[in-house]
2 protein chains.
Amino acid sequence: MPDVVGPRNTPTDQSPRKKGWRKAEIIDMAALCFMERGYHATSVDEVADRLGCTKGRIYHYYASKIDLFFDVHREGMKKLFEAIEPAMKTTGDGLTVLHAMLMAHAKAMLEHHTFENVVAQGVQIHRFDATTEDQRQTMKLLIDSRDRFEGFFKDQIAAAIADKTLRDMDVSVTAKVLLGALQWSIFWYRARPDETVAEREELARKMVEPLIDGLRRN
Amino acid sequence: MPDVVGPRNTPTDQSPRKKGWRKAEIIDMAALCFMERGYHATSVDEVADRLGCTKGRIYHYYASKIDLFFDVHREGMKKLFEAIEPAMKTTGDGLTVLHAMLMAHAKAMLEHHTFENVVAQGVQIHRFDATTEDQRQTMKLLIDSRDRFEGFFKDQIAAAIADKTLRDMDVSVTAKVLLGALQWSIFWYRARPDETVAEREELARKMVEPLIDGLRRN
DNA sequence: ACAAAAACATACTCGATTGTATGTTTTTAC
DNA sequence: GTAAAAACATACAATCGAGTATGTTTTTGT
């Protein structure tokens, strides 16, 4: 009689045999589930089911559900930082660099909207769900990273004002408004399976353009 | 021996004796709890505790937790519609009216951020939690009302483009970007207890200004 | 004043879910 | 080739929270 459970996937089935790819597989599916139903409404069993395995696998890698959430959040923030990094190194006046950062951020929000949706949920999951001291420490680090990310935009806005390429305006509020405008896409954007990079780029352009040029005609 | 449970509050304790104020009290507390912890993380017992009563009271008015959520959502949408209504009746060119609508919306988002936070959660609570046919019907009506609200802004943007007071741009994307910029405040804005109306108005102005005037200097 | 209805409180059921304990298979290291 | 470790699966415990059934008090209508 053959085994009821088939042989486990070999690394070559998936992406090239990178170390830790089994864990990454879990993170990706968790991000998808958390996006679709929200963190609290998603059960660990559900994530396992959609991976075609059992809870045992997930709890082999993660001590608790919230720790899995933290990893998804961390990955989401990593993608955000990596996306704007090239734009920040651009040479140009203050507004030009800011424009490039906003475009990069918009594209990243669309491309990784699964993860970024979960990042947004992280704002609400504060102190309540992090019970152990270790978890509270992790939570603090994640909040810090979100603040640092926003800080990059605040700094660039301030630089552009000093630069005279930007009118004088409230740096903090403007940063939140601009980022919010792009990040709100987690609520309305869903990737089409056949969507090309060029199409996403075009959508990102349509998003950033009214922010840079404003609404006034001249 | 006196009663363990004190006498129930009389209408005069709270707002003027409006019919249904006992229900409104529940809605308000539910909105607060749902905002602070999210719908799924909030238990009905918790809402009751913070009201100083028991579940019995809530289930006297509501058949289920999701029905309570629906009422909070409905109230949130009602506040949004009422806020922009005067602005929509303003006479003026397309951009002027749009500006007034955005200001009204920004102020409403700040003033009722508790309810509007819950409205945003409603986007994720789709088909899964609405089990009965009646609940699915209610859910559909709420989604429709959100679409109608966005439609008002899309129409006004289109009118302003036709009006030549607005450059040509993607109506749908621009509407989502503008509304998102203001609605993202649910994540960062929390009301100070001593905050005045004038202060909120000033904050709303700082939010809308970069959207209308854009970032470019000239 | 009194019956009916409204407005709750109390105590319970029951399903769903997180986390654990343990067994089994696969891989790795030597 | 073999022992150890990694990578799971299985079955269970223990909690928590939604919803219900029922009793009690307060209000209301006449």
Side-chain angles (χ1 to χ4, degrees), chain A residues 1-14 17 19-27 29-30 33-34 37-70 125 128-132 134-135, chain B residues 1-14 17 19-27 29-30 33-34 37-70 125 128-132 134-135:
Chain A
M1 188 173 80
D3 282 325
V4 190
V5 177
R8 285 171 193 160
N9 293 340
T10 63
T12 43
D13 290 350
Q14 201 76 8
R17 62 183 71 219
K19 184 204 155 202
W21 72 281
R22 303 287 287 169
K23 206 172 174 181
E25 208 180 28
I26 296 176
I27 297 177
M29 184 57 75
C33 293
F34 290 163
R37 306 207 36 181
Y39 171 74
H40 287 289
T42 303
S43 70
V44 177
D45 282 304
E46 188 185 333
V47 179
D49 285 350
R50 294 184 63 174
L51 278 170
C53 65
T54 70
K55 271 205 300 219
R57 180 174 166 196
I58 295 177
Y59 278 102
H60 174 69
Y61 292 97
Y62 292 99
S64 69
K65 184 186 172 184
I66 190 94
D67 284 311
L68 173 56
F69 175 85
F70 286 153
I125 313 277
F128 296 109
D129 302 271
T131 55
T132 75
D134 198 53
Q135 289 171 353
Chain B
M1 189 174 82
D3 280 327
V4 190
V5 176
R8 285 170 191 159
N9 293 340
T10 62
T12 43
D13 291 351
Q14 200 77 6
R17 62 183 72 218
K19 183 207 157 200
W21 73 280
R22 302 287 287 169
K23 206 172 174 179
E25 208 180 28
I26 297 176
I27 297 178
M29 185 56 77
C33 293
F34 290 162
R37 306 208 37 183
Y39 171 74
H40 287 289
T42 303
S43 69
V44 177
D45 282 305
E46 188 185 334
V47 178
D49 284 350
R50 294 184 64 175
L51 277 171
C53 66
T54 69
K55 270 205 298 218
R57 180 175 166 196
I58 294 178
Y59 279 102
H60 174 70
Y61 292 97
Y62 292 99
S64 69
K65 184 185 173 186
I66 191 85
D67 284 311
L68 173 56
F69 175 84
F70 285 152
I125 315 276
F128 295 109
D129 301 271
T131 56
T132 75
D134 198 53
Q135 289 171 352

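Values below: every heavy atom of this structure, side chains too, minus hydrogens, waters and symmetry copies. Proteins come first, then strands; the chains are lettered A, B, ... in the order of their sequence lines, and each starts at number 1. Nothing here was measured: the structure is a model prediction, and the numbers come from that model.
Rounded to 10°, the angle separating the first-five-pair axis and the last-five-pair axis of the helix from C:dA1-D:dT30 to C:dC30-D:dG1 equals 30°.
The distance from the CD1 atom of B:Ile27 to the OH atom of B:Tyr61 is 11.0 Å, given to the nearest 0.5 Å. The line from CG of A:Asp129 to NZ of A:Lys65 is 8.5 Å long, rounded to the nearest 0.5 Å. Here CG of B:Leu68 is found 12.0 Å from CE of B:Met29. Values are rounded to the nearest 0.5 Å. Rounded to the nearest 0.5 angstrom, A:Cys33 SG and A:Leu51 CG are separated by 7.5 Å. To the nearest 0.5 Å, atoms NE2 (A:His60) and CD1 (A:Ile26) are separated by 8.5 Å.
Ring pair B:Tyr39/B:Phe34 is perpendicular by interplanar angle, where above 60° counts as perpendicular and below 30° as parallel.
Remark: A:Thr131 pairs with A:Gln135 by the side chain to side chain contact (heavy atoms under 4.5 Å, CB included) rule, at least two apart or across chains.
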Using the side-chain contact (heavy atoms from CB on, under 4.5 Å) rule, take A:Asp134 and A:Asp67 through it: C-alpha gap first, then chi angles, then the decisive distance, then the call.
CA-CA 10 Å; A:Asp134 198 53; A:Asp67 284 311; 5.5 Å; no
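Listed by residue number, there are no residues of residues 42-51 of chain B with a heavy-atom contact under 4.0 Å to DNA chain C. Within residues 53-68 of chain B, the residues having any heavy atom under 4.0 Å from DNA chain D are, by residue number, B:Lys55, B:Tyr59, B:Ser64, B:Lys65.
Residues B:Glu46 and B:Ala41 share a closest heavy-atom pair of OE1-O, 4.2 Å.
The side chain of A:Arg22 places an N or O atom within less than 4.0 Å of a non-bridging phosphate oxygen (OP1 or OP2) of D:dC8.
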Taking only distance into account, with no hydrogens and no angle test, what donor-acceptor pairs under 3.5 Å do side-chain atoms of residues 52-59 of chain B form with protein atoms, sequence neighbours excluded?
unit_1  : atom_1 : unit_2  : atom_2 : d
B:Thr54 : OG1    : B:Gly56 : N      : 3.3
B:Arg57 : NH2    : B:Arg22 : O      : 3.1
B:Arg57 : NH2    : B:Glu25 : OE1    : 2.6

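Although no hydrogens or angles enter the test, the distance criterion places no donor-acceptor pair under 3.5 Å between the side chain of B:Thr42 and the main chain of B:Arg37.
The nearest whole Å value for the distance from the NE2 atom in A:His40 to the P atom in D:dG17 is 11 Å.
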What's touching nucleotides 13-15 of chain C from the protein side, N or O pairs under 3.5 Å?
none

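Taking the centre and axis of the six-membered ring of B:Tyr62, the NZ or CZ atom of B:Lys23 falls inside the cone set by 45° and 6.0 Å.
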